[in-house]
Amino acid sequence: MLKSNSTPVRAVAMWNGLLMRFPALKFFLALCCGLASGCSEGVTRPTAATVLSVKGTVVFGMAEQNNFQPVTRESRIHDGDMVRTSDGALLSLGLIPAALAQMSSNSEIKIEELRISKDGNQTEGGMRSRSARIRLNRGKITVLFTRRDRIGALFAIITPSVTITADSDCSFCVQSDGTTTRLTCARGNVYTSSSAQPSVAIGAGYFQQWPSGRAEPVAASDDAAAQIDVLDSLEIGNQLRELQSGWQKRRPF
């Protein structure tokens with residue numbers, strides 16, 4: 001019994017001796033353990049919006065610092081940045097691959113959060129999820145949300161009246177003047193929540209306004225402005241697809 005128990009003890013003693021004599025070996029083992037741990041856990045980090053096209057005068061920057069600069073095709077717009085379009089200007093953005101948006105003229109948004117989650121520190125592949133959250137302070141924004149893969153994605157727009165979320169294929173537009181908010185859905189379903197009204201799902205061909213005495217969405221066929229919004233949203237959605245495709249072809253390999 002003493003002979004069989006002494007073998008593991010001698011092995012442990014020999015291993016500890018090696019670690020004491022060769023500190024680099026100890027460091028190497030710690031590094032390997034750290035890499036293995038990093039690859040097994042998801043890593044979430046901020047990302048930036050991509051400018052797909054810009055027309056007219058559009059600026060972005062940190063409002064608190066009053067440090068605004070013109071938006072160009074090379075601009076990278078991050079969390080905390082405010083984006084403003086002037087009269088007659090248009091801006092198309094890739095917020096995350098699943099969420100593309102076009103800002104109309106005289107509009108202002110704030111990037112609240114752009115996040116991606118990956119497996120460990122992998123530089124390619126390993127994507128777990130993507131999320132984008134913006135605040136519409138005024139004006140109009142049209143969104144195309146498309147999940148082309150199995151990667152989880154979530155998009156949200158916050159307005160003074162309501163929060164709008166999308167997690168499946170849809171196309172819609174949101175308008176706000178700071179007091180009232182109007183949402184028109186052209187394709188798929190979007191979801192809304194507010195303190196004044198219960199959460200509702202708004203399907204294609206319907207719109208809703210806040211504040212409003214009506215709890216249920218209204219058919220776009222009953223409203224001329226909503227009909228225009230539906231057609232514009234579908235057309236802009238096609239434009240955003242083409243812009244994203246062109247941007248991907250220009251990316252360096």
Side-chain angles (χ1 to χ4, degrees), residues 49 92-104 107 109-117 127-241 244:
S92 296
L93 292 171
L95 298 166
I96 53 177
L100 312 179
Q102 184 184 94
M103 291 179 62
S104 299
S107 299
I109 67 170
K110 181 180 180 181
I111 305 295
E112 294 283 349
E113 181 183 83
L114 298 176
R115 292 286 185 273
I116 61 172
S117 179
M127 187 68 66
R128 288 188 174 187
S129 64
R130 307 180 181 101
S131 62
R133 188 174 75 249
I134 66 173
R135 184 178 298 274
L136 176 63
N137 293 328
R138 57 178 171 83
K140 179 179 180 180
I141 187 168
T142 303
V143 175
L144 173 67
F145 187 90
T146 307
R147 290 182 59 178
R148 296 178 297 176
D149 47 39
R150 297 181 179 179
I151 297 172
L154 179 65
F155 175 71
I157 297 180
I158 304 168
T159 76
S161 307
V162 65
T163 297
I164 300 152
T165 58
D167 60 4
S168 58
D169 292 3
C170 59
S171 180
F172 61 95
C173 67
V174 186
Q175 305 172 67
S176 178
D177 61 5
T179 303
T180 62
T181 300
R182 181 184 175 98
L183 164 66
T184 305
C185 182
R187 185 172 67 92
N189 292 286
V190 291
Y191 305 91
T192 67
S193 60
S194 67
S195 58
Q197 295 178 346
S199 299
V200 296
I202 300 179
Y206 286 83
F207 77 97
Q208 191 161 4
Q209 183 169 307
W210 297 266
S212 172
R214 305 187 63 164
E216 298 296 327
V218 181
S221 57
D222 296 336
D223 185 273
Q227 294 175 38
I228 295 174
D229 286 340
V230 168
L231 294 176
D232 286 348
S233 295
L234 294 174
E235 181 179 353
I236 291 172
N238 290 332
Q239 295 172 3
L240 290 170
R241 286 192 189 92
Q244 184 185 46

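Throughout, numbering of the chain's residues begins at 1 and tracks the sequence. The figures here come from the full heavy-atom set of this structure, side chains too, leaving out hydrogens, waters and symmetry mates.
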Which one of Met103, Gln102, Gln175 satisfies the side chain to side chain contact (heavy atoms under 4.5 Å, CB included) criterion with Lys140? Gln175
Is there a side-chain contact between Pro97 and Arg130 (heavy atoms, below 4.5 Å)? yes
Looking at Gly139 and Ser107, what are the two nearest heavy atoms and their distance? CA-OG, 3.3 Å
For the residue pair Gln208 and Leu183, establish whether any side-chain heavy-atom pair is separated by less than 4.5 Å. no
Any side-chain heavy atom of Val143 within less than 4.5 Å of one from Val174? no
Quick one: closest heavy-atom pair of Gly203 and Cys185, and the distance? O-CB, 3.3 Å
Ignoring hydrogens, what is the shortest heavy-atom contact between Ala99 and Phe145? Give both atom names and the distance. CB-CD1, 4.0 Å
Pairwise side-chain contact, Thr163 with Ser194, heavy-atom cut-off 4.5 Å (strictly under): no
Flag side-chain contact, heavy atom, 4.5 Å: Asp223 against Phe207: yes
So which atom in Leu100 and which in Gly94 form the shortest heavy-atom distance, rounded to 0.1 Å? CD2-CA, 3.8 Å
Nearest-0.5 Å distance, CG of residue Leu234 to CG of residue Leu144: 10.0 Å
Report the distance from atom CD1 of Ile111 to atom CG of Leu93, rounding to the nearest 0.5 Å. 6.5 Å
Please round to the nearest 0.5 Å and tell me the distance separating atom CG of Asp167 and atom CG of Leu154. 6.5 Å
Minimum side-chain heavy-atom gap Thr142-Asp232 below 4.5 Å: no
Quick one: are Phe172 and Ile164 in side-chain contact, heavy atoms under 4.5 Å? yes
Donor-acceptor contact below 3.5 Å, side chain Ser171 vs main chain Gly188: no
Atom pair CG/OG1 of Asp177 and Thr159 - distance to nearest 0.5 Å: 10.0 Å
How far apart are the closest heavy atoms of Cys173 and Asp229, and which atoms are they? SG-CB, 3.7 Å
Please indicate whether Tyr206 has more than 12 foreign heavy atoms, meaning atoms of other residues, nucleotides or ligands, lying under 6.0 Å from its OH. no
Reported CD-to-CZ distance for the pair Glu113 and Arg135, which is rounded to 0.5 angstrom: 12.5 Å
Can you give me the closest heavy-atom contact between Asp169 and Thr146, atom names plus distance? OD1-CA, 3.5 Å
Are the side chains of Arg115 and Ile96 in touch, meaning some heavy atoms are under 4.5 Å apart? no
